[in-house]
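Please read the structure below before turning to the comments.
Quick caveat: nothing in here was measured; it's all calculated off a predicted structure.
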Amino acid sequence: MPPRPLAATMTEPAAPSDDSRYDAIVVGAGISGLMAATTLNQRGLKVLVLEHNHQAGGLMSGIHRQGFYFDVGCQSFENMGILFPLLEQYGLLGTAKFHRVRYRLKMPDIDTVVMTLAQTRQDFKLAYPRLKDGIDKVFDRHQSTSDLIRALFVPSAIPYVQKESAAAFLPWLCRALPWIGSLRTLLFEDFTDWYKGLLPCDTQDSPGTLLAHCGYTKMNVFVASAFWHLWAEDYWYPEGGFQQWFDNWVKALEQRGVRFLFNRSVTGLEKSGDAATAVLTRKADRFTTGQVVYCGDYKQAVHQLIGAERYSPAELARLGEVRHSDALVSVYLGLNLPAEKLKKILKSAHILYFPTYDCRTALDLGDPQAHAKAFLEVSAHCVDDPGLNAPGKSSLVLQAFTQRQWMEGWKAGEQPPQAGQLRRTSQYKELKDQVAEQMIRTFEGIFPEVRRHIEYVDVGSPLSTERFTRNHLGGTCGFELNWRNYPFLNPLAHTKSPLRNVHMAGHFTVWPGAVPTAALSGKIAALRAQRALADIDPRDRP
């Protein structure tokens, strides 16, 4: 378990005197936005948070439906020596009780719960004795990556976690020197090519066939290898669910003086010269401010808020080329089955289920049966946290990779990004029903009797993600998880914008986009906003 929280060290801000004037406005109440608001508030600033959705959380939101609770996006998160220390230093670690979660890998010839890398290596070698040399080479890399993560992601060493300065960046990178010889492979080699080079993929019964084709599209070796470290060492879940945690965080900040407005889509910035002077919303709000921290979709900010004319042609061309990360489709199942019985069936709160060796992340955009061929991530946190649902009930989420463009945009058509409205055509609803049927049928390979217990079914498509988070194409991890695709020079946090008082944060601004790095980007952007505001004569503040 993470350490217990320190006593709160927040500075009590002055009582608001004008509900339309703020020192800083944070756009977006996902984890980066909440961390930015927390950082600014701790330094005594008057802060407003504007959120497009009706609640905080972003891709970590949760929903309650007919007595069942579901996490709609992320199903667990990694700490990476970042998130818990940040919560601790702001006196917020007590907003939830966090539990370690385990992943079960179920493939045609192996079924194991990942407890350690050494144990998982041995399980693979026992399942595939003819491939033991290749498996050893694969897990040697995973162990080396795990050692690198342990060396780099130490709270006292990571820039801005405890040492709030870019001066810590070079010493932090120097910690990676023992791995310098492998950085080219880690950062620039595609995980598919790497797996194919170590494990045969030309036979139907090889784990290499799965490992080389299942994962985020074009992720590099470092990301692919880091997942194994995280499964073994560093995935967590908040007791009571993600939404309860975020609701508690919001309440704590409101008590400290931060103002939150939900259902507020930001539609524009008023500008004077090279600065933003006010933030505008679809509900005709106008809020004046000295600093803005924007935590949403990066491309949307460039083209709809800041203005493409403020970027060079080269910058726009590069940003136009980079790809968003894969989208997910989620099937939410509410069951009339006690959580303890479900646990006996699932064995773990998370399962990565590969029913055949033919599973692939890539899908034919015109194939209506595409999701019947997908592998599943099954998440059922109620098996460790029965209080998530009513007594005698349980809930689980089936997720698979997909694309927003599948079947002509899920038969919902293209929509103006600024509208944020979902066209629920009858064809769209039929496609969602078909996908739910396909994914439930796959899940029956783990739980053959599941249909007898289903009381509630719903589907979250990439269009749902687009609607609630505004992430273009329903992307889940910012930009695609490979180094070559990242559009900025600074991998730690690309916070700058052409407007001197608009700072960028969120999973699009760090590489790779993930929960802890997104949170850290929120702190970095807030620190820069606060320092910029400190340079302004108080008489000239909004």
Side-chain angles (χ1 to χ4, degrees), residues 1-6 9 30-32 34-36 38-39 42 60 74 76-103 114 116-117 142-179 183 186-187 222-238 242 245 249 477-478 481 490-493 495 505-507 509-527:
M1 288 296 297
R4 300 305 302 161
L6 299 175
T9 58
I31 197 160
S32 60
L34 290 189
M35 193 60 70
T38 302
T39 303
Q42 190 267 348
M60 301 174 77
C74 296
S76 58
F77 70 92
E78 59 272 53
N79 167 46
M80 293 291 283
I82 295 173
L83 188 52
F84 291 149
L86 289 179
L87 292 174
E88 183 179 33
Q89 69 183 242
Y90 290 137
L92 292 168
L93 197 53
T95 49
K97 184 177 181 180
F98 299 99
H99 298 289
R100 279 283 286 114
V101 294
R102 295 292 177 185
Y103 272 77
V114 179
T116 68
L117 287 179
H142 295 336
Q143 186 59 60
S144 178
T145 301
S146 180
D147 294 341
L148 172 60
I149 291 172
R150 290 173 183 273
L152 280 181
F153 292 92
V154 178
S156 60
I158 304 170
Y160 293 101
V161 172
Q162 294 176 355
K163 300 175 182 177
E164 297 180 345
S165 168
F169 191 66
L170 184 58
W172 181 66
L173 287 180
C174 287
R175 299 172 73 95
L177 288 177
W179 290 267
L183 288 182
L186 288 170
L187 295 179
F222 173 77
V223 176
S225 191
F227 274 119
W228 293 83
H229 165 83
L230 298 173
W231 293 329
E233 303 286 345
D234 196 25
Y235 269 124
W236 301 84
Y237 186 78
F242 275 121
W245 173 30
W249 194 341
C477 290
L481 300 179
N490 182 2
L492 184 60
T495 63
H507 60 179
T509 68
V510 289
W511 190 91
V515 169
T517 49
L520 184 58
S521 77
K523 180 179 180 181
I524 295 171
L527 287 174

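Annotation: side-chain contact (heavy atoms from CB on, under 4.5 Å) contacts of A493 (sequence neighbours excluded): T495, V510, S521, I524.
Ring geometry for F84 against F98 counts as tilted: the plane angle lies between 30° and 60°, on a 0 to 90° scale. In this pair, W172 and F153 present their aromatic rings perpendicular. The plane angle is above 60°, beyond the 30 to 60° band.
If you look at F77 and W245, their ring centroids are closer than 6.0 Å.
Across every non-hydrogen atom of S156 and Q162, the tightest pair is CA-OE1, 3.3 Å. Of all the heavy atoms in V161 and P85, the pair that sits closest is CG1-CB, 3.9 Å. Nearest heavy atom pair, residue L481 against residue P512, reads CD2-CB, 3.9 Å. The shortest heavy-atom contact between A96 and P238 is CB-CB, 3.9 Å. When every heavy atom of A525 is checked against every heavy atom of A505, the shortest pair comes out as CB-CB, 3.9 Å.
Proximity of W179 to D147: side-chain heavy atoms (C-beta onward) are separated by under 4.5 Å at one or more points. For the pair H99 and W236, the minimum side-chain heavy-atom distance is 4.5 Å or more. Put simply, the side chain of F222 reaches to within 4.5 Å of the side chain of I149, judged on heavy atoms. The shortest side-chain heavy-atom distance between E233 and R150 falls under the 4.5 Å cut-off. Proximity of I82 to Y160: side-chain heavy atoms (C-beta onward) are nowhere separated by under 4.5 Å. Between P178 and L148 the shortest side-chain heavy-atom distance does not fall below 4.5 Å.
Rounding to the nearest 0.5 angstrom, the gap separating the OG atom in S76 from the CG atom in L230 is 9.0 Å. Taken from OG1 in T95 to CG in L87, the straight-line distance is 6.0 Å, to the nearest 0.5 Å. The distance from the CD atom of E164 to the CD atom of Q89 is 6.0 Å, given to the nearest 0.5 Å. In this structure, L152 CG and L173 CG are separated by 7.5 Å, a value rounded to the nearest 0.5 Å. With rounding to the nearest 0.5 Å, the separation of CE in M80 from NE2 in H229 is 6.0 Å. Rounding to the nearest 0.5 Å gives a distance of 11.0 Å between CD1 of I31 and CG of L520.
A donor-acceptor contact shorter than 3.5 Å is absent between the side chain of S146 and the backbone of H142. Side-chain N or O atoms of R102 include one that pairs as donor or acceptor with a backbone N or O of A232 at under 3.5 Å. For S32 (side chain) and H507 (main-chain N/O), no donor-acceptor pair under 3.5 Å exists by modelled atom type.
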I would like to know whether W228 and Y103 meet side chain to side chain contact (heavy atoms under 4.5 Å, CB included); could you show each step before the answer?
CA-CA 10 Å; W228 293 83; Y103 272 77; over 6 Å; no
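A donor atom on one side chain and an acceptor atom on the other are found under 3.5 Å apart for W249 and T38.
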